[in-house]
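Taking it in order: structure first as C-alpha cells, then the write-up.
Values in this document were obtained by computation on a predicted structure and should not be read as measured data. Positions are given from 1 along the sequence. Each ligand, and each atom within it, is numbered from 1 in the order the structure gives.
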Amino acid sequence: MVKDGAKHIASLRDARTIYLNGEVVENPVDHPAFRNAIRSYGQMYDFQAQPENVDKMTFVSPDTGNRINRAWQLPASYEELVARREALETWSELHYGFLGRSPDHVASCIAGMFMGLPAFEAYDQKRARALANYYRYARDNDLFITYVIINPQADRSKTAHQQADPYLTAAVVDEDAEGITVRGAKMLATSGVMANEVLVTSIQPLQEGDEMYALSFAIPMNSKGLRILSRKSYEQHAVSIYDNPLSSRFDENDALLYFDNVKVPWERVFVYKDVGMVQKQFHATPAHVFQNYQCQIRLMVKMRFLAGLAIGVAKTNGIIGFPQVREALGQIAAEAQMVDALVCSMEIKGHRVGSYFMPDAHTLYSAQVLTQQLYGKVVNSIRDLAGGGLIMLPSSVHDFDDPYLRGIIEKTQKSPVATSEERVKFFKLVWDAIGSEFGSRHTQYEMFYAGATFVTKNHSFRTYDWGSASGLVDKCLSGYSLEQELAHRKAAE
Ligand SMILES: Cc1cc2nc3c(=O)[nH]c(=O)nc-3n(C[C@H](O)[C@H](O)[C@H](O)COP(=O)(O)OP(=O)(O)OC[C@H]3O[C@@H](n4cnc5c(N)ncnc54)[C@H](O)[C@@H]3O)c2cc1C
C-alpha cells in the first residue's frame, strides 16, 4: 500500500501543459528534458516502499491505516521529531541534497499549516475545513506538491496592485458558487513539472489594496488553464551520466506558472482576499518553521557531500599534505558540521505548541541566515582547491571511444590515488556540482530559496530572544553606579 515509483510516474501522465523551447511537451515522463529527474523522484518513492525501509520512511495514516511518508507526520514529541528527521535525511541522501523541492518540502509546509489549524479556524471556519480536508487528502495519497509563493519580479519598489498590469501577479478575476477564477503569474515552481499539485499563495508581505492577490489555494498541475513555462533543461543538455552525473539525473526544473483563467473550487481555497491571513498561515502556524527545517536537513546532507568533494580534490591532486590545504579542509569540515549542529540544536531546543512538538524557530532562522552565506563560500573554497583540474577534462565520454585519444588521456590525467578514468570521472562530478550551469543554479538556489538575505535576517531579528540578551547587559549595568563609584572614592580619600 506504500506509494512507489511506478505509481508516482504513472500519476504524471495527466495531460498537464508544459512549454519548453517554444513547444508544448506532451508527456514529461518520456521527454529528454525531464525523464531522468522524474525517475529520480520515482526512486525516492521506490526506496520508501522497500520492506526494509518502510518503518523508517513511513508512518500509518490515522484515517486510512495506509503507510505514507513521514513528511506528513505531525510530531508530538522530541523523539517523533527526530524519527521524522531521520527519514527526511535518509531521503535526501538519495539525491545528495540536490533535489531542493523534494516531496518532503511542501508536505512539511502543509503539515505545519494543519498543526496551526486554530489560526485558520479563528479566521474562517469554511476555509479552515478546506485546509484540514486538503491536508488529509494530500497525506493519504502521499501527494508530491510544489509551491509558488512569490510574485513575479517586475518593479520591486511597487506592491502587487501597483504594477502596470494588474494581472501580472496571479489574482482573482471572478467568483461564483463553485469557486474562484484566477489569472496571472507566480514564480517559481521548482519541481512543478514533476509534482502532482501546486500550493499557490504569497509569502511576500502584501499591502492594503492587494486583496485580490491575497490568496491561498492548491490545485492539480493538470488544471485547465494552468501553464507551466519551464526554464532551460540542464538534463536535456547533459551528454551522459559520466559527463554530467548530477544534472543528468537531478535537474528538478524551475518554471514560471501562468494561470490563464484557472477555476479553483472553494474546497481548495484556504485564504481568500485577506492580506493578514496569507502571512498568518505561515507565521501564526508551524508551517514556515517546518518547511525550512526540512530545507536545513537537506542542506546538511548536501554540505557533507561538498565536504566529500573537497577532500577528494585534495587527495586526487596530491595536495592533502600541505598545511594550508589541511586548514582549508578543516574550515570546510567545520562549516559542514555547523549545519549538522544547528539541525540537532533546533530539535533539542524545540518545544510543544498545542499537541505538537516543533523545532526552535530562532535556531532555524540563524541557520538560514548563515547557510545562505555559507554555500557560495564553500563552493569557492572547493574551486580554490581544485584549480584547473575542473577544466582540464576530456570533452566528453566519446573521447574514450578513440584508442589514440584514450592513450593521451591515460598519459595526461594523472593522480597519486586514482586511475585516469577515475580522475576524469571524479572531476566531472565536482564540476557538475559547483561549476556547471546546473551547479551555478544550485548556488542561486541556496542563496534565494528561503527569500533574499534581508528577508531571512528579518526572521532572525524578529525571533531572537532579545529580552535575554538585553537582560544580561542590564544585569551587568545594574551592578555598579556613578553614585556608588563617587561614594567609594570619597571614602577612600
Ligand atoms: C533556483 C530557484 C528556485 C526557486 N524555487 C522556488 C519555488 O519552488 N517556489 C517559490 O515560490 N519560489 C521559488 N524561488 C523564488 C525564491 O523564493 C525567490 O527568489 C526569493 O524569495 C527572492 O525573491 P526574488 O527572487 O523576487 O528576489 P527579490 O525580492 O527581487 O530580491 C533580489 C534582490 O533585490 C534587493 N531587494 C529586493 N527587494 C528589496 C527590499 N524590499 N529591500 C531591500 N532590498 C531589496 C535585494 O538585494 C535582493 O537580494 C526560487 C528561486 C530560485 C533562485
Side-chain angles (χ1 to χ4, degrees), residues 37 41 97-110 144-160 162-163 168-170 184-207 210 213 215-219 221 226 228-235 246-247 250-259 278-279 281-283 287-288 291-292 294-295 298-299 302 365 368-369 371-373 375-376 379 433 436-459 461:
Y41 281 122
F98 281 88
L99 292 176
R101 290 291 189 252
S102 51
D104 41 335
H105 181 68
V106 178
S108 298
C109 167
I110 291 173
F144 181 0
I145 306 171
T146 184
Y147 62 20
V148 281
I149 57 178
I150 301 293
N151 299 336
Q153 279 185 339
D155 183 346
R156 281 280 185 254
S157 70
K158 296 189 168 80
T159 189
Q162 294 165 342
Q163 301 294 329
L168 165 72
T169 298
K186 280 281 186 179
M187 64 188 266
L188 191 58
T190 300
S191 293
V193 166
M194 293 130 204
N196 300 118
E197 301 220 352
V198 58
L199 172 69
V200 184
T201 186
S202 183
I203 198 158
Q204 289 159 316
L206 298 172
Q207 294 174 18
D210 284 338
Y213 311 93
L215 308 170
S216 176
F217 61 87
I219 51 171
M221 290 305 296
L226 176 54
I228 307 166
L229 275 70
S230 169
R231 63 150 161 78
K232 173 183 172 180
S233 162
Y234 311 138
E235 175 178 326
L246 301 173
S247 45
F250 303 120
D251 181 12
E252 61 188 335
N253 195 264
D254 310 282
L256 180 124
L257 295 192
Y258 186 74
F259 299 81
V278 285
Q279 280 295 299
Q281 66 178 334
F282 289 109
H283 299 298
H288 197 246
Q291 74 196 44
N292 287 301
Q294 181 277 338
C295 295
R298 175 197 56 79
L299 186 65
K302 199 174 182 185
Y365 293 128
Q368 282 195 315
V369 169
T371 56
Q372 219 168 20
Q373 297 159 15
Y375 192 81
V379 163
S436 67
E437 196 169 1
F438 169 90
S440 173
R441 178 262 178 202
H442 271 271
T443 301
Q444 200 71 4
Y445 182 83
E446 301 300 352
M447 286 171 70
F448 278 101
Y449 74 79
T453 53
F454 73 91
V455 174
T456 54
K457 285 177 187 167
N458 267 304
H459 290 315
F461 173 75

Spacing of CD belonging to Glu437 relative to OG belonging to Ser233, to within rounding of 0.5 Å: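 Going from CD on Glu437 over to OG on Ser233, the span is 10.0 Å.
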Contacts of Phe438 that satisfy ring pair (Phe, Tyr, Trp, His ring centres under 6.0 Å) - sequence neighbours left out: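 Partners of Phe438 by the ring pair (Phe, Tyr, Trp, His ring centres under 6.0 Å) criterion, ordered by chain and then number, come out as Phe98, His442.
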Under the ring pair (Phe, Tyr, Trp, His ring centres under 6.0 Å) test, residues paired with Tyr41 that sit two or more places apart: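 Partners of Tyr41 by the ring pair (Phe, Tyr, Trp, His ring centres under 6.0 Å) criterion, ordered by chain and then number, come out as Phe144.
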Residues lining ligand 1 [heavy-atom distance under 4.0 Å, listed by chain and residue number]: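 Only Arg101, Tyr147, Val148, Ile149, Ile150, Gln153, Arg156, Met187, Leu188, Thr190, Asp254, Arg441, Gln444, Tyr445, Phe448, Tyr449, Gly451, Ala452, Phe454 have heavy atoms that fall under 4.0 Å of ligand 1, ordered by chain and number.
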Where at least one partner belongs to residues 442-458, residue pairs that pass salt bridge (charged side-chain N to carboxylate O under 4.0 Å, His left out), sequence neighbours excluded: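 Every pair satisfying salt bridge (charged side-chain N to carboxylate O under 4.0 Å, His left out) with a residue in residues 442-458: Arg298-Glu446, Lys302-Glu446.
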Aromatic ring pairing His459/His288, orientation class (parallel under 30°, perpendicular over 60°, tilted between):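 Correct class here is tilted.
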Heavy-atom side-chain contact between Leu226 and Leu257 under 4.5 Å: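 In contact.
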